[in-house]
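For the single chain, residues carry numbers from 1 onward in sequence order. Below, all heavy atoms of this structure are taken into account, side chains as well, without hydrogens, waters or symmetry copies. Worth saying up front: this structure is predicted, and the values here are computed from it rather than measured.
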Amino acid sequence: MQKRTLIIHLVAVPLLVAVSFWGGMQYAGSQAPARGSFGAAAYAGRGGMRAGNAAFAAGVIMAADPASLTLGLQNGNSEIVYLATSTQILKSASGTAADLIQGANVVVTGTPNQGGSMTAQSIQIRPSGTQRPELQ
C-alpha cells in the first residue's frame, strides 16, 4: 500500500501543480486592461506618458477654448486636454486660461480619461524654443 501512495505522490502532485500553474497563466492572460487605461509604455508611443492615475503630455497648443486644448506632440500626434476648475496654469508669473493660446509650448500633467484624452491638473507654459524631455 505504501508503494501505491508513493507513486500517487510522485505523479499526481506534480501533475496537479502543473495544471494549476497552467490555469493561473491562462486566467492572467485573459485579464486585459479596461478600455482607456494605459500603462506608461503603451501611452509613451503616442507622445505622452501615463502611469496609474497620472498622465503627462508636452507639445504646442494647436487649438484652445475655455474648456480644452489640442496639443500637437513632437511625434506628430495630437492630444486633447480638458481643463478642470481646479487646473493650475503656471508660468514665470501666475497664468490664466487666456494665456493658453495657439502656438504656446506647454507641459501638462493630469488624470487620464477613457478614449485617450486627459483632464489637466496643471499646465506649465514654457518659453518658446524649449524642447520637451525625451520619454523613455
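No continuous path of ILVMFWY side-chain contacts below 4.5 Å connects Ile80 to Ile89, so the two sit in separate hydrophobic clusters.
Closest approach of Met118 and Thr109 over heavy atoms only: SD-C, 4.4 Å.
Within the 4.5 Å cutoff, side-chain heavy atoms of Leu83 are placed close to those of Leu100.
The side chain to side chain contact (heavy atoms under 4.5 Å, CB included) test with Gln121 is passed by exactly one of Thr87, Val108, Thr111: Thr111.
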Pairs of donor and acceptor atoms involving the side chains of residues 56-64, under 3.5 Å and at least two apart or interchain, shall be tabulated with distances.
none

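Interatomic distance, Ser78 OG to Leu71 CG, rounded to the nearest 0.5 Å: 8.5 Å.
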Assess whether side-chain contact (heavy atoms from CB on, under 4.5 Å) is satisfied between Val81 and Val106, documenting all intermediate values. CA-CA 11 Å; Val81 177; Val106 296; over 6 Å; no

